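Okay, so here's the structure we're looking at.
No hydrogens, no waters, no symmetry mates; every other heavy atom, side chains included, goes into these values. As the structure is a prediction and not an experimental result, all values here were calculated from the model. Below, read A as the first sequence line, B as the second, and so on, with proteins coming before strands; counting in each chain starts at 1.
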2 protein chains.
Amino acid sequence: MKTVTIIDVAKRAGVSKSTVSQYLNGRYEYMGADTRERIKQAVEELGYRPNTIARSLKKKKTKTIGVILANILYSFSTKVIRAIEDVCNREGYQVIICNADDNPSKEKWYIEMLLAKQVDGIIAIPTKSNIDLYRKLKERNYPLVFVDRYIDGLDISTMMLHNEKAAKMCVDELTDNGYERIAMLTMEPISITPRFERIQGYKKALEDKGLKATEDYIASAPLKEMQTRLKELMALKQPPQAIIAINDLSFMQLLTFVKENKLEVPGDLAIIGIDDISFADLFDPPLTTIAQPAFDIGREAAAALIQKINNRYVMDADIRRFEPRLIRRASSTKS
Amino acid sequence: MKTVTIIDVAKRAGVSKSTVSQYLNGRYEYMGADTRERIKQAVEELGYRPNTIARSLKKKKTKTIGVILANILYSFSTKVIRAIEDVCNREGYQVIICNADDNPSKEKWYIEMLLAKQVDGIIAIPTKSNIDLYRKLKERNYPLVFVDRYIDGLDISTMMLHNEKAAKMCVDELTDNGYERIAMLTMEPISITPRFERIQGYKKALEDKGLKATEDYIASAPLKEMQTRLKELMALKQPPQAIIAINDLSFMQLLTFVKENKLEVPGDLAIIGIDDISFADLFDPPLTTIAQPAFDIGREAAAALIQKINNRYVMDADIRRFEPRLIRRASSTKS
DNA sequence: ATATTTTAGTAAACCGATTTACTAAAACAA
DNA sequence: TTGTTTTAGTAAATCGGTTTACTAAAATAT
């Protein structure tokens, strides 16, 4: 299988490869109309497709970006990726995806792979551990955008939910419906940005309402231990009347708990989940959730990255906050 | 930002770039131990990373594969991608993903992009429309693996569910529980492989049980019209006692219908869905489903592709069938 | 001591494009 | 007619590696 190169086209059209290259890049002013036509013919007849690798080598642009995230199985990540891919596709970029599994060494390996591959930019949901590496990239003005998580002191454009507001919406919805003992259920670790901020928002919102946020009511656990953690929470002398699940996975755990313990929602316990889940409408009762605009976030991240790639000048690094949206259903209403 | 090249390393180590290249490729027999050490030093001190693009150009291997699928938002696709990425990562390959949205011209565009980028192979959930393009690839012995869908007369390795068996499992489970009037709910178009085969399997299984498969009971519709289609189905003189949803999206529609019409499951209507959905356990009643081993399918697809990439010789193109698994829950039991 | 082999390395061609500097011929101006 | 500009193109360098063919010096064999 001999591949067709620019030289084959040049020969068939009876011109030099320089001219073919000009043709391929649309600089028709370097050739006559007849020549242009002959090249066009030759390209078609030979079924010629330029070798992007060779082009990239010379141009120092690969028209490819890398996306590093924890796990594409998380629905937030899936949506973000989809949005990124849409934007990139439209702009002629291709997307290499990397599941770093929140594993810093895997993340590092991927970053280096992507750089070796000369990708034009990277979008990441970063771990905190490779801060030095990211800092180095930032210093050499390498196009970089973060999503969902913020790394302190790094000053890199980040697209994320207004997490405090999201938590506040939950609290307000519950207090508006007369609930006062409101707990929060979270996965561990609680140090990553969205969890940290949501917990902050939860505390502040309670205080705003004149309620005190007791540490007892912040139930954190790894996923597998969440059932027992919930049991403890509900066994308190003053068990909560309502629980906010910090993300979709915690919410699933909460639903499992509710189901296994035959709790009536919202009678025995009101619940709200951050992250809209596909079956919120189908659950009995329908579940109140906070939706986050994952597609918008992905779209804006891609758009920002491509801007950075195109404009050589440094852009202001900033945090863009996206608005959460309360979807009120029956699980949080007055009992 | 001047990038460090092999020449910089060569200079600093006081050798030719050929020798550095040998070093980078682990062919240490071409140099003395001291030289080897000096190069190692130089690489470290300069923080040198070989440019993969340049290497790819010469080696004609990019260590990259492309994956073309309909939409990464479908949970089957997400799982397949994740499994592919895992395998590829382990083998040093990177993955470019392409959402073709079942749009043949988008699919074609992506295939050509990937080829221009010289990816070493492609995994696709193909549409039928680019059969000529795929045939051409197959002829030039280009590494190619299909997932989920089969294209007739193309003889390309394909990894897919044993769809007929999956449908049969549904029918058998329902008949075992005493149901006889069993309908099937499917999205349109019904021509794509999994849907086609599942419908076939449904018909055969009914016949095996001595039940006749009436066309009335095969309810197909695009997603948005599925509610009205279901209404029609249940308005038949002899409405079905049970419905099999052909995939997760149809199943969601069915659940919505059940909920809105306050049907009792399985009392008024027994239901089973092909594709295990995340909340099957949480629904009331818990939902019987057929799970398909999406991770295995992705893993095997990636493994097969990499084999094809490595071995130059032609492999037997074949269809590998994966086993469906019935997860029996309450929605299909005797009423 | 000489011939042969091994060791340690190098120079140059190459992968397939882009880009720069240059030019012959034609067109135009004075 | 001569000088200048424009048109239409080309040759060669380049991107950053890999690979092949070759060689000087050292080690070994005879």
With a 4.0 Å cut-off, would you call A:Arg149 and A:Asp102 a salt bridge?
->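 Answer for the salt bridge query: yes.
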Are A:Asp8 and A:Lys11 ion-paired here, with the side-chain N under 4.0 Å from a carboxylate O?
->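 A:Lys11 and A:Asp8: not salt-bridged.
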Please work out if A:Val15 contacts a base, only the sugar-phosphate, or nothing of the nucleic acid, heavy-atom cut-off 4.0 Å.
->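 Contact class for A:Val15: sugar-phosphate only.
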Scan A:Arg27 against the nucleic acid and name what it touches under 4.0 Å (heavy atoms): base, sugar-phosphate only, or nothing.
->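 Result for A:Arg27 = sugar-phosphate.
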Interatomic distance where [atom1] belongs to [X] and [atom2] belongs to [N] [whole Å]:
X: B:Asn25; N: D:dG16; atom1: CG; atom2: P; answer: 18 Å
X: A:Asp8; N: C:dG16; atom1: CG; atom2: P; answer: 9 Å
X: B:Lys58; N: C:dA17; atom1: NZ; atom2: P; answer: 15 Å
X: B:Arg55; N: C:dG16; atom1: CZ; atom2: P; answer: 18 Å
X: A:Ile39; N: C:dA17; atom1: CD1; atom2: C1'; answer: 15 Å
X: B:Ile6; N: C:dA12; atom1: CD1; atom2: P; answer: 17 Å
X: A:Leu57; N: C:dA17; atom1: CG; atom2: C1'; answer: 8 Å
X: A:Leu115; N: D:dG16; atom1: CG; atom2: P; answer: 15 Å

When you measure only distances, ignoring hydrogens and angles, does the side chain of [X] come within 3.5 Å of the base of [N] through a donor and an acceptor?
X: A:Thr35; N: D:dA8; result: no
X: B:Ser18; N: C:dA11; result: yes
X: A:Lys60; N: D:dC15; result: no
X: A:Lys17; N: C:dA17; result: yes

C:dA17 OP1/OP2 closer than 4.0 Å to side-chain N/O of A:Tyr48 |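 Yes, because at least one side-chain N or O of A:Tyr48 sits under 4.0 Å from OP1 or OP2 of C:dA17.
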Has the side chain of B:Thr5 got a donor or acceptor atom that lies under 3.5 Å from a matching backbone atom of B:Thr3?
->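 Pair absent, no side-chain N/O of B:Thr5 close to backbone of B:Thr3.
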For B:Arg55 and B:Pro50, indicate whether the former's side chain and the latter's backbone hold a donor-acceptor pair under 3.5 Å.
->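 Not at all, since once roles are kept as given, no pair shorter than 3.5 Å links the two residues.
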Residue mapping more 5' on DNA chain C - nearest nucleotide basis, B:Gly14 or A:Lys59 =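 Result: B:Gly14.
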Under 3.5 Å, is there a donor-acceptor pair between the A:Tyr93 and A:Glu85 side chains?
->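 No - no donor-acceptor pair under 3.5 Å links their side chains.
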Looking at the side chain of [X], which of [options] is the nearest nucleotide?
X: B:Gln22; options: C:dG16, D:dT18, D:dT19; value: D:dT19
X: A:Thr5; options: C:dG16, C:dG9, D:dT19; value: C:dG16
X: A:Thr19; options: C:dG16, C:dT18, D:dT10; value: D:dT10

